[in-house]
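Structure first, commentary second.
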Amino acid sequence: MAYYRPPGPPADPILVRDLTRQQDELRTQVRLQPIPREPQLIAGCDSSFPTPETVLSVFVVLRFPTLEIVEKVYHTSPVTLPYIPGLLAFREAPNLLLAYDKLQHKPDIIMVDGHGIAHPRRMGIAAHLGVLLDVPTFGVAKQRLTGTYQEPAVTKGSITPLTERNGELLGEVIRSKDKVNPLFVSPGHRCDQPTATRLTLACLRGYKLPEPTRLADHWAEEFKKELW
DNA sequence: GCGACAG
DNA sequence: ATCTTGTCGC
Ligand SMILES: [Mg+2]
């Protein structure tokens, strides 16, 4: 539990205002809908930071529903923005796009480490990336960013809604494994809540994190050490 | 005005 | 996200 967060570099208020407006623009392009057909390939993506000035992003592609790994790629770039709650996409998405370009096998849908529409302006990194790539996406986050919920039962598979104060459904809180902290799953772009939840559950293999995100996180860490 | 705040 | 050993619970 991060009780205390050291104050990061001062965020330029003018830049924050501009990025926030960019999100409102991108938001108009988000489409929440069921996926046309069962995915053949599902990807997972995540980023790590070998140094405070370098971002390393990974994409892993798995065959669905067997989850055999088909491909994995990574790309590194200089960091251009500090972490600012609500603006994560502007820090990680640019490099994720470059990593995505390296894929020989393009996925039918992408599971992103972070939130989809469970965001103050409904533009979490999963929604943001989905719009820029125009590919179906959904987010799987380990922590809440916004919204309220009731703790789901401690047994694997328990689910409770993540909602806005006005009752709007932002996502679902899912217990992916007995007695471990739940995940926050929300659709990003060209995807809906039932699909995001269904695919998340279908990708569980005994760990807290579903395979796409778990493997992306694993390789983001491995490739980082490899640079040593 | 104060607290919260993905990765 | 990152640093970083042991330790507690299932
Ligand atoms: Mg991550």
Side-chain angles (χ1 to χ4, degrees), chain A residues 1-11 13 16 19-20 23 26 44-59 74 76-96 99 110-130 137-149 153-156 162-165 170-189 196 200 206-210 212-214 216-225 227-228:
Chain A
M1 283 144 262
Y3 304 112
Y4 171 68
R5 262 187 308 285
V16 170
L19 296 180
T20 288
Q23 293 186 317
L26 292 175
C45 65
D46 185 31
S47 299
S48 62
F49 296 78
T51 75
E53 286 306 310
T54 309
V55 55
L56 187 166
S57 300
V58 170
F59 261 90
Y74 78 86
T76 59
S77 295
V79 166
T80 62
L81 189 75
Y83 166 69
I84 301 173
L87 300 179
L88 175 67
F90 294 100
R91 175 176 165 81
E92 304 186 352
N95 192 53
L96 281 168
I110 303 170
M111 179 187 287
V112 183
D113 179 26
H115 294 285
I117 62 169
H119 176 280
R121 289 171 295 284
R122 312 293 176 265
M123 281 304 292
I125 190 169
H128 186 112
L129 190 65
T137 61
F138 64 96
V140 174
K142 297 175 287 296
Q143 295 290 317
R144 179 195 76 93
L145 172 59
T146 190
T148 60
Y149 67 98
V154 300
T155 54
K156 176 183 177 181
L162 174 66
T163 63
E164 188 56 277
R165 313 200 71 167
L170 300 178
E172 291 188 324
V173 186
I174 305 177
R175 190 79 64 179
S176 55
K177 182 180 179 183
D178 284 357
K179 301 167 185 175
V180 301
N181 293 326
L183 300 177
F184 298 78
V185 179
S186 59
H189 179 54
T200 293
Y207 295 90
K208 169 181 178 176
L209 297 180
T213 291
R214 189 180 74 80
D217 179 275
H218 171 76
W219 287 105
E221 193 63 32
E222 284 304 305
F223 286 136
K224 183 210 296 184
K225 297 175 182 175
L227 298 187
W228 241 236

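Protein chains get the first letters and strands the later ones, always in sequence-line order, with residue 1 at the start of each. Reckoned from all heavy atoms, side chains included, excluding hydrogens, waters and symmetry mates.
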Determine: side-chain N/O of [X] to OP1/OP2 of [N], distance under 4.0 Å, yes or no.
{"X": "R144(A)", "N": "dC5(B)", "answer": "yes"}
{"X": "K142(A)", "N": "dA1(C)", "answer": "yes"}
{"X": "K224(A)", "N": "dA1(C)", "answer": "no"}

On a heavy-atom basis, which atom in [X] and which in [Y] lie closest, and how many Å separate them?
{"X": "V58(A)", "Y": "Y74(A)", "result": "CG2-CB, 3.8 Å"}
{"X": "A126(A)", "Y": "G116(A)", "result": "CB-CA, 3.7 Å"}
{"X": "S176(A)", "Y": "K156(A)", "result": "O-CG, 3.6 Å"}
{"X": "V140(A)", "Y": "M111(A)", "result": "CG2-CG, 3.6 Å"}

Please give, in whole Å, the distance from [N] [atom2] to [X] [atom1]?
{"X": "R121(A)", "N": "dC5(B)", "atom1": "CZ", "atom2": "P", "answer": "16 Å"}
{"X": "D46(A)", "N": "dA6(B)", "atom1": "CG", "atom2": "C1'", "answer": "11 Å"}
{"X": "L162(A)", "N": "dA6(B)", "atom1": "CG", "atom2": "P", "answer": "13 Å"}
{"X": "R91(A)", "N": "dT2(C)", "atom1": "CZ", "atom2": "P", "answer": "10 Å"}
{"X": "K208(A)", "N": "dC10(C)", "atom1": "NZ", "atom2": "P", "answer": "17 Å"}
{"X": "L209(A)", "N": "dA6(B)", "atom1": "CG", "atom2": "C1'", "answer": "14 Å"}
{"X": "L81(A)", "N": "dA6(B)", "atom1": "CG", "atom2": "C1'", "answer": "14 Å"}
{"X": "D113(A)", "N": "dT2(C)", "atom1": "CG", "atom2": "C1'", "answer": "15 Å"}

TODO: Could you say whether K179(A) or D217(A) is positioned toward the 5' end of DNA chain C, judged by the nucleotide with the nearest heavy atom to each?
DONE: D217(A)

Open item on the list: Applying the 5.5 Å / 30° rule, does Y83(A) stack onto the base of dA1(C)?
Closed with: no

May I ask you to say what [X] touches in the nucleic acid, namely base, sugar-phosphate or nothing, with a heavy-atom cut-off under 4.0 Å?
{"X": "K177(A)", "result": "nothing"}
{"X": "L87(A)", "result": "base"}
{"X": "G86(A)", "result": "base"}
{"X": "D178(A)", "result": "nothing"}
{"X": "I125(A)", "result": "base"}
{"X": "T146(A)", "result": "nothing"}

With a 4.5 Å heavy-atom cut-off, do [X] and [Y] have their side chains touching?
{"X": "E92(A)", "Y": "H128(A)", "answer": "no"}
{"X": "K142(A)", "Y": "F184(A)", "answer": "no"}
{"X": "L56(A)", "Y": "L227(A)", "answer": "yes"}

Task: Under the 3.5 Å Watson-Crick or G-U criterion, the dot-bracket string of DNA chain B, with | for inter-strand pairs - done: .......

TODO: Measure from the side-chain heavy atoms of Q143(A) and tell me the nearest of dG7(B), dA4(B), dC3(C).
DONE: dG7(B)

Open item on the list: For the backbone of Q143(A) and the side chain of H115(A), can you confirm whether one donor and one acceptor N or O come within less than 3.5 Å of each other?
Closed with: yes

